[in-house]
Amino acid sequence: MSRPTAAEKRFTTISGEPVAALYEDGALPPAPGEFPYTRGIHPSMYRDRLWTVRQFSGFATPEETNLRYRYLLEQGQSGLSVAFDLPTLMGYDADHPAARGEVGHCGASICSLEDMQALLRDIPLGDISISMTINSPAAILWAMYLVVAEEQGVDWTRLSGTLQNDILKEYIAQKEFIFPPAPSMRLVTDTLEYATRHTPRFNPISISGYHIREAGSTALQELAFTIRDGLEYVDHGIARGLKIDEFAPRLSFFFNAHSDFFEEIAKYRAARKLWATLLRERYGAKDPRSLKLRFHTQTAGCSLTWQQPYNNIVRTTLQALAGVLGGTQSLHTNSLDEAFALPSEHAVTIALRTQQVIAHETGITGEPDPFGGSYFVESLTQRLYEGALDYIRRIDAMGGMVAAIESGFPQREIADASYRYQREVEAGERVIVGVNRYTVELDAPVPLLKIDAAAAENQCRKLSELRARRDTVRVTTALEALRKTAAGNGNMMPCILEAVRAYATLGEICQTLRTVFGTHQETSVL
Amino acid sequence: MQKPPIRVLVAKPGLDGHDRGAKVIARALRDAGMEVIYTGLRQSAEMIVHAALQEDVQVIGLSILSGAHNAIVPRLMQLLREHEMLDVRVIVGGIIPDADVITLKQQGVAAVFQPGSSLDEIVEFIRNATGRTAAHPA
């Protein structure tokens, strides 16, 4: 073992926040289940109900992904989470030139209602909740899901699940945007309004800090930008004429679980306090369900290392523990091979078992908020809370999150933090086991999932068969109706649903919207 | 006499928007005294070669994390050949499996930097590849 360097003795969180040697005071917030819910949204948390074990999954064709879903459900997973490939995320069909080399690589390829039917075959949508990681074309994929539910005979009021549909963090961090901010926010608000009226148990937006963190932000930036994004959606919902307590209960959140154990636990606690306080103060929300921040957690993909990949199991376990100790409602644990590729069945099973070991063997579920009253955790919670309020006020002063994004503010803050962190790693001030310390010449190889070209060929073949078979007049009429509505100001969901039912493809529907809205080009912030 | 700085085009081809790596590299090369042009997202091979020509760069750095390298890189190398730009060194960074590293190098890629590569290592490689060793810093 090498001795710690002097630099390492500068104790800070992974986000660069100084950590004192001893904390000796701090107040205990109100009990779990009581406003502002710092300690948890339910009085007894996991004593009553375990978190939902929800592994994000999807690759190649919808048929292959469906088999993986059924495997995961057989193995004790309690909810599904759909990963779409890049062409789907960007609103292109598998046979579009821009999709070349990308079909099925980062998720499942879904081009039409036919693919959604295959993806969800024999999965009872009235019983299994489904999360869909889709943003720019979210309204379209959601419409496909709603039609499949209808075909299964499941009433929409019974459907539960989550649409990510968080376009703001796309401009800030993940960059899978198609349209400019204004029409994108209109699409989000259309789904919010439609869900409020028709799918009372479905979460139409999952306000996501995960990608902000993956892009290199600090824990504080993840927290502050995410909560501020949430307020932006609330403002749009209210401007649409919805009442706060009508739609706020269905807003949900999605956070990262990074490696700094205590900072992460404090982050989730601070998030709950922020949301409850701001919704009450700013919008007069009264329904406790509006005030209670519910969230999904995923362990940090960016912390996984290519070197000595089996160590990733340990990293993921510790991160998952932080998520559970922070009171998450659902959890995805990354697989050990995800620095290389989408996970193999073997790797994803270990990730699933990791959650099951935490849930059933550690005793962690017996006590809500076990760190409540810890001077250190309470102090970190309060510091993150105040730091986030400061960021939120600065963004308010800029005119809100859309304006802040247009000025490049959150993007610049994240780029600076990410570069600072990388420099610290380079200087050896941050130790990454197996990468800049305790390295070995040869790593133990891991078997990887390969996506072959057959996936793209199959998707293209199915598309050309579909185009030859469907009622072309119905497709053209539906797309023209959508174009007219998009050019006006009505809610686009009914037209999108009709286009989906007519088997218009994802690419065709998005292209119709592109002709009305144009596309977004970002000014890169280095 | 001091040589002009090395000019590098950092490009993000394909549909993927994960630009953390590309941005960190661009800043590190700039801090090392190079002139860096960042293309932004979703560049086709044609757009990248056009930008490299316009900007008269010695190096093109591609950041690819989505598994699309086997479709993108051969097309880019072909265009460079057609434009007689094979003196431009192409380096690739991102999630590139070992087996594909060999293929990419056979296609003419000068170096592939996999996850965990250090910024210093990349800077040094570019200096050497453009004939600027530590004795003649850029």
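Just so it is clear: chains get the letters A, B, ... in the order the sequence lines come, proteins before strands, and each one is counted from 1.
Residue A:Arg100 places its CZ atom among 12 or fewer non-hydrogen atoms of other residues, nucleotides or ligands, all under 6.0 Å distant. Other residues, nucleotides and ligands contribute at most 12 non-hydrogen atoms within 6.0 Å of the NE2 atom of B:His50. Within a 6.0 Å radius of CD in B:Glu84, other residues, nucleotides and ligands contribute 12 heavy atoms or fewer. Taking a 6.0 Å sphere around CZ of B:Arg89, one finds it holds 12 or fewer heavy atoms contributed by other residues, nucleotides or ligands.
For chain B, the nearby parts of A:Ala98 are the backbone and the side chain; heavy atoms of each come within less than 4.5 Å. Looking at B:Asp19, only its side chain comes within 4.5 Å of chain A, counting heavy atoms on both sides. With a 4.5 angstrom heavy-atom cutoff, A:Glu176 touches chain B via backbone and side-chain atoms both. A:Glu214 touches chain B through its backbone: at least one of N, CA, C or O sits under 4.5 Å from a heavy atom, while the side chain does not. Neither the backbone nor the side chain of A:Pro97 comes within contact range of chain B; no heavy atom of the residue lies under 4.5 Å from a heavy atom of that chain. For B:Pro115, the parts lying under 4.5 angstrom from a heavy atom of chain A are both the backbone and the side chain. For chain B, the nearby parts of A:Ala415 are the backbone and the side chain; heavy atoms of each come within less than 4.5 Å.
Across all non-hydrogen atoms, the minimal contact from A:Glu102 to B:Leu15 is OE2-N, 2.8 Å. Residues A:Ser418 and B:Val24 come closest through the heavy atom pair OG-CG2, 3.3 Å. Between A:Gly101 and B:Ala71, the shortest heavy-atom distance links the atoms CA-CB, 3.7 Å. When all heavy atoms of B:Gly40 and A:Ser524 are compared, the closest pair comes out as CA-OG, 3.5 Å. Taking all atoms of both residues into account, the shortest heavy-atom contact from A:Cys106 to B:Ser66 is SG-O, 3.7 Å.
Under a 3.5 Å cut-off, the side chain of A:Glu426 and the backbone N or O of B:Ser118 do not form any donor-acceptor pair. A distance-only check finds no donor-acceptor pair linking the side chain of B:Arg27 to the backbone of A:Tyr419 [under 3.5 Å]. Side chain of B:Gln114 to backbone of A:Trp306: no donor-acceptor contact under 3.5 angstrom is found.
Ranked by heavy-atom pairs shorter than 4.5 Å toward chain B, the options A:Gln422, A:His211, A:Gln174 are led by A:Gln174. For chain A, the option among B:Asn70, B:Asp31, B:Asp98 with the highest count of heavy-atom pairs below 4.5 Å is B:Asp31. The most heavy-atom pairs under 4.5 Å with chain B, out of A:Asp416, A:Leu448, A:Asn436, come from A:Asp416. Contact tally against chain B (heavy-atom pairs below 4.5 Å) for A:Thr305, A:Leu86, A:Ile414: the top residue is A:Leu86. The greatest number of non-hydrogen atom pairs below 4.5 Å with chain A, out of B:Leu65, B:Val36, B:Ile96, B:Thr39, is found for B:Ile96. In terms of non-hydrogen atom pairs under 4.5 Å with chain A, the most contact-rich of B:Gly21, B:Ala22, B:Ala26, B:Ala28 is B:Ala28.
Residues A:Met90 and B:Asp16 have side chains not in contact (no heavy-atom distance under 4.5 Å, counting atoms from C-beta outward).
Both cation-pi conditions hold for B:Arg42 and A:Phe177: the charged atom is under 6.0 angstrom from the six-membered ring centre and inside a 45 degree cone around its axis.
Atom CG of B:Leu41 and atom CD of A:Gln521 lie 9.0 Å apart (nearest 0.5 Å).
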